[in-house]
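FYI, side chains are in, hydrogens and waters are out, and symmetry mates aren't considered; it's all heavy atoms of this structure. Every chain is numbered from 1 and lettered A, B, ... according to where its sequence line falls, protein lines coming before strand lines.
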Amino acid sequence: MTVPEKPTIEGLEPIWGERWESAGTYRFDRSRSRREIYAVDTPPPTVSGYIHVGHVMSYTHTDVIARFQRMAGKMVFYPMGWDDNGLPTERRVQNHFGVRCDPSLPYDRDLDPDALERPNGEPVAVSRPNFVELCGLLTAEDERAFEELFRRLALSVDWSMTYATIDERSRRASQRAFLRLLTRDLTYQADAPTMWDVDFRTAVAQAEIEDREVSGTYHRVNFELEAGGSVEIETSRPELIPACVALVVNPEDERFRELVGKHALTPLFGARVPIVAHRLADPEKGTGIAMICTFGDMTDVIWWRDHSLPTRVVVQRDGTIAPRRWGQPGWESKDVVAAIAAQSELAGLSTTRARKRIAELLAQSGHLVGAPTPVRHAVKFYERGERPLEIISSRQWFVKTLEFREELVKRGRELHWHPEHMRARYESWVEGLNTDWCVSRQRFFGVPFPVWYALDDRGEPDHEHPLLAAEERLPVDPSSDVPEGFTAEQRGAPGGFVGDPDVMDTWATSSLTPQIAGRWCEDDDLWGRVFPMDLRPQGHDIIRTWLFYTVLKSHLEHDSLPWTNAAISGWVLDPERKKMSKSKGNVVTPMPLLERYGADAARYWAASARLGADTAFDESQIKVGRRLTIKVLNASRFALSIEAADGVVTETLDRSMLRQLAETIGEATRAFTAYDHARALEVTERFFWSFCDDYLELVKGRAYGGRGADAAASAVSALRAALSVLLRMFGPFLPYVTEEVWSWWREGSVHLAPWPTEAELAQAAAGADPAVLDVTAAVLGEVRKFKALNKQSLRARAERVVVRDKPDHLAILEAVAADLREAGNIERLETIEGDAFAVETTLASA
RNA sequence: GGGCGCGUAGCUCAGCGGGAGAGCGCUUGCUUCACACGCAAGAGGUCGUAGGUUCAAAUCCUGCCGCGCCCACCA
């Protein structure tokens, strides 16, 4: 045993970080059976995003659970992944290298990003595979920053199993999953109205949409009826009047009943539109009669579909108003000249500018009723977008989702949620789904669809019969690879082929993290041992995306849940309880905190937060963690530095302490088993402080030999038994300091030691009374209080202490009198029977 | 509009049917031989609010107020 003179927590982290790595402490041993394995579906962090304290919290939660399971006897499968897909990376690469992606270009094997010619500073067009390579260069740096943090935090992951969502295996898994869904008709292609971001110029899915409150303007507009007379509608989007294809009223609405089936004329454009009835029309809103445009919102799409209305699109993919097409088929007007004139006024304008312009035109023509009124209303945005979403018809890939809603709700009920109430979010999301999952994106950095389309004689693609890549060829990039039976020269030529230009939604890949990490279809042996996994840890903000899509994919592909437990961490809010965000400038970065207080201290703070609970960031809690860490070090030094032979635990006080400890083990184990790590920490910590403040003080003198060798041996044995247990109980929370202390006197890693059980203390603690320690500590406390109130040192000698208490308590004091007198420096200890507990202390005169 | 969660000491949070708690902060002491990155003591709360159930309610039920979030609507 080698116990340092002045133990310190400084410098422990690099030492143990390296030893764990070289010893393979957290290596996954795949020879273990499924029942012995605990598999974690680790969240791959978005590496191009910023690192904040929230990462420390949620990843610590996962690690604490993993470490408990490992000590409890499970072989933990705990890989790390990096999510490098997505728009943020794409944007950074464009700016950093001065390039733009052109999927029609062939791959350039010799592209040197540093030697690109950029005449006039224009971005250089590169092929998709080249663009993806450049993304890889940048994300590699980001990954290093995260890995540095996670290693410092002592996440007990097996770093040899790390994956990235853009790496070859992930692309292969994504494409394989897609092809398998396609052959089972669970994914399909459709030319349909979809939510569309006009800045990113891509379709987006329902899950990526958020509402934002913005300013708008209501315009009351007059529509002339074909049969004479007119009706008024109210709209916040008058620029869509040229896209109006019908008016709609509620079938129950008496006011408009006789209008149904008649026709109206759109103002300025003179298009003849029917008045239809639909239950979704709300008599309470606006004037009770609304215009149906192609397309203003998702309700328009429903009306349009249910009434088989024509399509008249005026908003283009870049968000501007389309040029005039009046007079052409589908664009009939009572007054084509006027319609063309009006359209010319709007063509090319953004929707916001077109809105202002058409309001002027409506006012001039007398169709605007009253003045436009400003309102605040919620509008749908792409979560990363800056302008409201439009609904645009385009060809997209969809995964069937709507028809599985009930089954997916059932899956959600099979899953063990921690905390339980997070299931409600999942259910309300699933029940509110209104479209299938749009998985195609008109972007570049991502996993391409492994399909091509044959071109007919006129060079038109045949979307009905895509040419699929064979699974053995995956991953493929259809912009560079050639479908079977064709040659590279036939790309784009009539009778030849084209590749699908789109990439998949990043969630299409992320939803396969169990399959990627478990090497689905690539390593059947591993897959059989880890799937379905045991744990999905994640934040509540991505229940509707990551969690939902993973459940969906697993349900469709494997007819099972992907995991049995979901542990949902809360958010770390700023001290004002606001969400941390880069734009608010209130983001707390974790590395400086780790450097100041140590990783164990930061982990202590993180683990103190319960699952699902949002926590306001409070640096003082990390300081508490640092105190605890140092305390563990010093208390351990004390327990181990006493030169006394081990012996048998015989003393009442020692046995009482061990009995309390045994109960603490039970509580902590139950808490951990119920995924309540915060409680496990709390009970362990509570015991530990009382162990230090009361028990250590009480046995100090005896341990030093004040009452002979046997009494000392009892104390020393009890101290060491308790220390062994406490180090293991703190192990999941404070991996560095516990490992350090463990190394002073034990072989191997504390993190591979068995989780303590009540049974291992059974012999020493059998029949012991847990109350002994409390009764004794209460008396000691009273004596200390008396000294403190008299401004004396706690070591000050007490001439006489009289305890009044119930007979059973006095019997306890009798048994521990020697320890108590030593700890309190008490000359004479006397007892009197009485109902009310009281202690009378007489100090020695100075 | 529907749903979920939360409102307990100045702060961060436990407790969830029978004593109102912890840590931080504050005040006052103590150089005690593991630790001054320490130890001890003290002050501090009508447990959001109004009812109800109960012998007993911070804890269960109902209404209301406030905060946060999720979903839906958004003419």
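Distance from the side chain of H377(A) is smallest for rC74(B) among the nucleotides rC74(B), rA36(B), rU12(B). Candidate nucleotides rC73(B), rA75(B), rU32(B) were compared by shortest atom distance to the side chain of A378(A), and rC73(B) ranks first. Considering only the side chain of A424(A), rC4(B) comes nearest among rC73(B), rC13(B), rC4(B). Which of rC4(B), rA75(B), rC73(B) sits closest to the side chain of W303(A) comes down to rA75(B). Looking at the side chain of Q206(A), the nearest of the listed nucleotides rA72(B), rC30(B), rC73(B) is rA72(B). When distances run from any side-chain atom of Y218(A) to the nucleotides rC71(B), rC74(B), rC13(B), the shortest one goes to rC74(B). Nearest nucleotide to the K6(A) side chain, out of rC73(B), rC70(B), rC35(B): rC35(B).
Classification of the F617(A)-W605(A) ring pair by plane angle, with boundaries at 30° and 60°, yields perpendicular.
Contact of the T615(A) side chain with the Q621(A) side chain is not registered, since no non-hydrogen atoms from C-beta on lie closer than 4.5 Å.
Listed pair S236(A) / rA75(B) meets the phosphate criterion, a side-chain N or O lying under 4.0 Å from OP1 or OP2. Taking side-chain N and O atoms only, T299(A) has a distance below 4.0 Å to OP1 or OP2 of rC74(B). Using a 4.0 Å cut-off, some side-chain N or O of R544(A) falls inside it from OP1 or OP2 of rC71(B). Residue Q621(A) has no polar side-chain atom (N or O) positioned under 4.0 Å from OP1 or OP2 of rG25(B). Put simply, R577(A) has a side-chain N or O that comes within less than 4.0 Å of OP1 or OP2 on rC13(B).
Side-chain N/O atoms of D618(A) and base N/O atoms of rC24(B) include no donor-acceptor pair closer than 3.5 Å.
Side chain to side chain, D306(A) and H278(A) meet the donor-acceptor criterion of an N or O pair below 3.5 Å. A donor and an acceptor atom, one from each side chain of D676(A) and H418(A), are nowhere located under 3.5 Å apart. Inspection of the S569(A) and H61(A) side chains reveals an N or O donor paired with an N or O acceptor under 3.5 Å.
With respect to R425(A) and E427(A), no salt bridge is recorded, no charged nitrogen being found less than 4.0 Å from a carboxylate O.
Using C1' as the reference atom, rC60(B) and rA40(B) are 41 Å apart when rounded to the nearest Å.
For RNA chain B, the residues of residues 681-688 of chain A within the heavy-atom distance limit of 4.0 Å (strictly under) are E682(A), sorted by number.
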So what is the 5' to 3' dot-bracket string for RNA chain B, if pairs are Watson-Crick or G-U wobble with both distances under 3.5 Å, crossing pairs use [ ] and | means the partner sits on another strand? ((((((((.[[[[.)..(..]]]].(((((.......))))).....[[[[[..)....]]]]])))))))....
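Remark on RNA chain B: of its neighbouring residues T287(A) and S428(A), the 5'-side contact belongs to S428(A), judged by nearest-heavy-atom nucleotide.
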Using a cutoff of under 3.5 Å, can you pull out all pairs of nitrogen or oxygen atoms linking the protein to nucleotides 37-41 of chain B, with atom names and distances?
residue	atom	partner	partner atom	Å
rC37(B)	O2	R626(A)	NE	3.3
rC37(B)	O2	R626(A)	NH2	3.3
rG38(B)	O3'	K631(A)	NZ	3.1
rC39(B)	OP1	K631(A)	NZ	2.6
rA40(B)	OP1	D693(A)	OD2	3.3

